Amino acid sequence: MGSKHVNHIEPYSPQFGTMIPMGGQKFLRTCVLWQIVRFIAINIRMTILILKSHH
Amino acid sequence: MARLVVMGGGVSGHTAATFARDMLGSDHEVVVVTPNSQWNWIPSNIWVGVGGMTKEEVVFPLAPVYEKAGIDYRQAKAVSIHPEGKEDAETPYITIEYTDEAKSGETEELTYDYLINATGPKLNFGATPGLGEGTNLGEHTVSVCTADHAEHASDELEACIEKMKNGERQAFLIGTGHGMCTCQGAAFEYIFNIEHTLNEAGVRDMADITFITNESFLGDFGMGGIHFKMGGYATSSKVFAESLYAERGMDWILGAHVNKVEAGKVTYESLDGEMDEQEFDFAMLIPPFAGVGLKAFSKDGSDMTDTLFAPNGFMKVDANYNAGAYENWKASDWPRTLQNPTYKNVFAVGIAFAPPHIISKPMSSPNGTPINPTPPRTGMPSAMMGKAVALSVVDMMKGKATEPTHTASMSEMGAACVASAGKGLFTGTAAAMTVYPIIQDFEKYPGTGRDLNGTTGELGLAAHWVKHILHHVFIWKAKLKPGWTLIPE
């Protein structure tokens, strides 16, 4: 994967010191089929969190 | 018949009152005292603040809901607590001052057998000169803390967009308006919604967007930072948050104590002690929180506010307030039953309880100015505290127990946070984060202090869908519509 999806980042700026998502990652964020899977996963994760939190 | 009085009708107070009412039956009385006539689903104020929702979509009137539930609703603010009663009557009581139009300014004494303090925060705009919500206190900044504030913020944003469409470049400054603020998450979500809205309006290239925060690093969130389980790594929230800002071309200012706001300019002190300025055309700065200023009096009428409340105005509960230095802090310092140690029939939930200490590492500038986030205790944790205390109080009122039977320690509960960027079903992306437990417990979870199986973060449309569902489900629940007790906090 090339870097065509990454905008210019000024070297040595604070923004230069972190990770930047590339095309594949950005695609998955809005890919409806994949997001349906993630929707189910997030809901399961939150349900477990809630169950663990009530005492 | 015994009487439970709940002071406050926000997330924690409403949860406590409605569950107590549901479980107590008609043998006991539940009274809610709140100065507000409407309930507000605060997380969606962010969408109101960018014109994505109307105020009417995030609020509803409390009176009909409480009438239907059989809750005695007083639209009034609590003024003082008298936990020992008075010299000629031992029944404890609070004094209230009505805020509704019909009885505005009238005061009354309201006796109680059990008292839950869920008064939430005083939005302490006055702590920073010039900071405000756009009207009374400060005309230079806006706020999204209430639905009315958010509506005003949206109008101001719209005006900026019009200027940009006419070729005038605009500077946006979003963040915290004081060195001791909490709720960085709200500012975090708002800045991404601003950026998304400007993109949608086709004027993003005309905007300079800067985040200013009292956090010493992005992603501290008042919780000392978080490590998420991501892609095979325990990834710091610093990297996660910085990535979000960098991807969107937004700048950030860290460790800032905003000490003055003027027209188009804030002055701030940094953790290194330097004073600096930042100009803006649009600024949304969260105010610090304080207790609402309740007083407490003993039987003979002498002031005993110090017995019930910490100096910051929040109520003392079963926390360890003598934990000492940061190095000595433990998860077990945090309260479990939320019961006042002196008066066992008094509890505090949500923002109203006094934390034992902050969660983030305490920091201050060389000038001695404290600059660190204070602990977040809104939303999901607030509601869980409200329910746990309601269950304890119900057991005590029914004579089933003499001590609290349920606990809700922030060191034993998790939190879910969905921070949106836009609200479209197929556009924009939101961050869905879960944290367990909220308070780092390095004895139980050596390494990051949290359970990595329960501490996660990801970006995507799915989180938008979750946020939409939460909006509708929690308003449904708060309106006590069919099945409301089945919806978890």
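Protein chains get the first letters and strands the later ones, always in sequence-line order, with residue 1 at the start of each. Here the structure is a predicted model, which is why all the values come from computation and not from measurement.
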Between the OG1 atom in T429(B) and the CG atom in L28(A), the distance rounded to the nearest 0.5 Å is 12.5 Å

Scanning both residues in full, the closest heavy-atom pair of G17(A) with E242(B) reads O-OE1, 4.1 Å

Turns out that what part of D451(B) lies under 4.5 Å from chain A's heavy atoms comes down to side chain

Discussion item. Tell me if a side-chain donor or acceptor on S243(B) pairs with a main-chain N or O of M19(A) at a distance below 3.5 Å.
Written reply: yes

Rounding to 0.5 Å, atoms CG (L470(B)) and CE (M46(A)) come to a distance of 6.5 Å

Rounded to the nearest 0.5 Å, the CH2 atom of W465(B) sits from the CD1 atom of I42(A) at a distance of 9.5 Å

query: Under the 3.5 angstrom rule, does the side chain of Q15(A) hit a backbone N or O of M250(B) as a donor-acceptor pair?
result: yes

Okay, V418(B) and chain A: the region with an atom under 4.5 Å from a heavy atom over there is side chain

Q35(A) side chain to A462(B) backbone, donor-acceptor under 3.5 Å = yes

Okay, I36(A) and chain B: the region with an atom under 4.5 Å from a heavy atom over there is both

Closest non-hydrogen contact found for V466(B) with N43(A) is CG2-ND2, 4.1 Å

Smallest heavy-atom separation, T30(A) atom then G428(B) atom, equals CG2-O, 4.3 Å

Counting heavy-atom pairs under 4.5 Å with chain B, the top scorer among F39(A), F16(A), W34(A) is F39(A)

Bottom line for I438(B): the part with an atom under 4.5 Å from chain A's heavy atoms is neither

Okay, I9(A) and chain B: the region with an atom under 4.5 Å from a heavy atom over there is neither

CG (L49(A)) and OG1 (T455(B)) are apart, to the nearest 0.5 Å, by 8.0 Å

Of the listed K387(B), H406(B), K238(B), E458(B), the one with the largest count of heavy-atom pairs under 4.5 Å with chain A is E458(B)

Interface check, chain A: of A388(B), A415(B), A463(B), most non-hydrogen pairs under 4.5 Å belong to A415(B)

dist I50(A):CD1 -> M384(B):CE (nearest 0.5 Å) comes out at 7.0 Å

